[in-house]
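In what follows, chains carry the letters A, B, and so on, assigned in the order in which the sequence lines appear, proteins first and then strands, with residues in each chain numbered from 1. Side chains included, hydrogens not; waters and symmetry mates left out as well; all remaining heavy atoms used.
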Number of protein chains: 2
Amino acid sequence: MTTATVRNPDVTRQRLLEAAFTEIYQHGYQGMRVDDVLKRTGLGKGAFYHHFTSKHALGCAVVDEIINGEMGQRWMDALGETEDPIPALEQVMDLIVESETGNDGVFLGCPLNNLAMEMSAQDVAFRQRIEELFSQWINLIARAFERGQQAGTVRNDIDAQEAGMFLVASFEGCVGLAKATQNMDNFIICRKQITHYLNSLRP
Amino acid sequence: MTTATVRNPDVTRQRLLEAAFTEIYQHGYQGMRVDDVLKRTGLGKGAFYHHFTSKHALGCAVVDEIINGEMGQRWMDALGETEDPIPALEQVMDLIVESETGNDGVFLGCPLNNLAMEMSAQDVAFRQRIEELFSQWINLIARAFERGQQAGTVRNDIDAQEAGMFLVASFEGCVGLAKATQNMDNFIICRKQITHYLNSLRP
DNA sequence: TTACAAACAGACTAGTTGGTCTGTTATCGA
DNA sequence: TCGATAACAGACCAACTAGTCTGTTTGTAA
């Protein structure tokens, strides 16, 4: 009598997505191998091509579901409906960077930015998804700034959208420099400058 | 009577390097194909493996010679021995971004940062080279700030090294966001904020 | 209970890719 | 002039890789 293997297609699909995310995070989309995703999950080719039409479709689904979900949740949680976004932003930036170090001690940076640098100039499907996530991210911060302006915690003479965009850009830049040098001290230094910038947004 | 083909090993090597740079710039190191480099140069496998031991060695040589050379020259030219680095920095940032758009209109971003995001967490040889280039770059700017401090064009109470590091990080962040969204307007917006930051370094 | 479709396993394939190996030609010092 | 060697060309190869195809098992609706 053999053990009856339980089937749960939704869980299987999710496992594939999460394994793919990890592989993409470590090796990039082009460096990600379908076989490695399968090894990580213990599944076979049949399962994979039952749930996804191609490697490309899997990559897109990772952006849509994993990266979007993770980022949306974190920044949404952090900013929420706060009327004093500046300390909230500082907190979430540190929190995120802490969690982006691989289990082997290698700092992998921001999954979204990694994929953006690799794929935005190469593949339209990726670019559109990445652009959408950046847009949502910036808007989330911009609206938080606007609430701060109404509550008097943020200067009224600054453009919330432009400030949000620069915050995202400079944050990604700092994370990227830390990844490039594999040195967290550099992130600390850069983050200090971001703090100066955020303080300059105070009334 | 057949035309005698002229041989010039130094030129051949340089052609391989430049073709490889273009391919890496467009597709990343992992996406770069040796065959495509050969097609671009019109050379054969023999020439390639005569001048380089492997694809990996070629990639390293591209960083050492092409990227290092190009970046060093531009920023050295721009900053030189100037005692007023702020306008010089603004000028070179705009100049560089203009030249980083591919001939098909796709904005490819910064070659060094692209490679850093792709390879720094994966390959030690690449990471060391990339780290060295970032270090040189930041030091060049930091020393320009120090000259500015002595000449009175830059505030004395700021840390030149930290300011240089943040400038590089935020610049790369802005370039990256423009690449991610394939929208130069976003770079303009972010660059304006960098201008604010630079002005805050004035005495 | 029993068709039947969904959910897989896994061998197989066709195309790709970095690298090798043999051979040929240009260059240059003696 | 003439070998010797550097500088190539290009066929070839082994490993890899995304994707296919056939077959098997599990869930499920009638």
Side-chain angles (χ1 to χ4, degrees), chain A residues 1-24 26-63 65 115 118-119 122-123 125-126, chain B residues 1-24 26-63 65 115 118-119 122-123 125-126:
Chain A
M1 176 183 173
T2 57
T3 311
T5 58
V6 185
R7 279 183 180 172
N8 193 332
D10 291 342
V11 171
T12 300
R13 189 188 135 89
Q14 193 65 21
R15 280 174 56 209
L16 284 167
L17 279 175
E18 280 165 13
F21 168 77
T22 304
E23 291 292 323
I24 291 174
Q26 288 180 353
H27 306 115
Y29 169 74
Q30 299 182 105
M32 180 263 283
R33 307 295 164 201
V34 176
D35 283 351
D36 291 339
V37 173
L38 297 181
K39 273 178 200 159
R40 191 176 281 274
T41 56
L43 294 164
K45 282 281 176 73
F48 183 86
Y49 285 97
H50 174 74
H51 288 285
F52 301 97
T53 60
S54 64
K55 177 187 175 181
H56 187 262
L58 172 71
C60 291
V62 165
V63 181
E65 304 179 41
L115 216 49
E118 183 188 1
M119 300 305 295
Q122 285 202 62
D123 186 286
F126 274 98
Chain B
M1 174 182 173
T2 57
T3 310
T5 59
V6 184
R7 279 182 180 172
N8 194 330
D10 291 342
V11 171
T12 299
R13 189 188 136 89
Q14 194 64 22
R15 280 174 58 206
L16 284 167
L17 280 175
E18 281 166 12
F21 167 77
T22 304
E23 291 292 322
I24 291 174
Q26 287 179 354
H27 306 114
Y29 169 74
Q30 299 183 106
M32 179 264 282
R33 306 297 165 199
V34 177
D35 283 351
D36 290 340
V37 173
L38 297 181
K39 271 179 202 158
R40 190 176 281 273
T41 57
L43 294 164
K45 282 281 175 75
F48 183 86
Y49 285 97
H50 175 74
H51 288 285
F52 301 96
T53 60
S54 64
K55 177 186 175 180
H56 186 261
L58 172 71
C60 292
V62 165
V63 181
E65 304 179 41
L115 217 48
E118 183 188 1
M119 300 305 295
Q122 285 201 64
D123 186 286
F126 274 99

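- The side chain of B:His51 places an N or O atom within less than 4.0 Å of a non-bridging phosphate oxygen (OP1 or OP2) of D:dC8.
- The CG-P distance, from B:Asp35 to D:dC12, rounds to 16 Å in whole Å.
- Within 4.0 Å (heavy atoms only), B:Arg33 reaches sugar-phosphate atoms of the nucleic acid but no base atom.
- By the 4.5 Å heavy-atom criterion applied to side chains, A:Asp123 and A:His56 are counted as neighbours.
- For B:Lys45 and C:dG18, the NZ to P distance is 8 Å, given to the nearest whole Å.
- B:Phe48 is listed as a side-chain neighbour of B:Leu58, based on a closest heavy-atom distance under 4.5 Å.
- No side-chain heavy atom of A:Gln14 sits less than 4.5 Å from a side-chain heavy atom of A:Val11.
- Of the candidates A:Leu16, A:Leu17, A:Asp36, A:Leu16 is the only one forming a side-chain contact (heavy atoms from CB on, under 4.5 Å) with A:Thr41.
- If you take CG of B:Leu43 and P of D:dA9, they are 5 Å apart, rounded to a whole angstrom.
- In this structure, the CD atom of B:Gln14 is 14 Å from the P atom of D:dC8, given to the nearest Å.
- Take the nearest nucleotide of DNA chain C for B:Gln30 and for B:Arg7: the residue whose nucleotide is more 5' is B:Gln30.
- Picking from D:dG19, C:dC8, C:dG18 the nucleotide with the shortest atom distance to the side chain of A:Tyr49 gives D:dG19.
- Residue B:Lys55 places at least one side-chain N or O closer than 4.0 Å to OP1 or OP2 of C:dG18.
- One finds a side-chain N or O of B:Thr12 lying less than 4.0 angstrom from the OP1 or OP2 phosphate oxygen of D:dC8.
- For the pair A:Gln122 and B:His27, the minimum side-chain heavy-atom distance is below 4.5 Å.
- Look at CG on A:Asn8: it is 17 Å from P on C:dA6, rounded to the nearest Å.
- Atom CG in A:Asp10 sits about 14 Å away from atom P in C:dA6, given to the nearest Å.
- Between A:Arg15 atom CZ and C:dA7 atom P there is a gap of 15 Å when expressed in whole angstrom units.
- Distance, A:Met32 CE to D:dT17 P: 12 Å, rounded to whole Å.
- The phosphate of C:dC8 (OP1 or OP2) has no side-chain N or O of A:His50 nearer than 4.0 angstrom.
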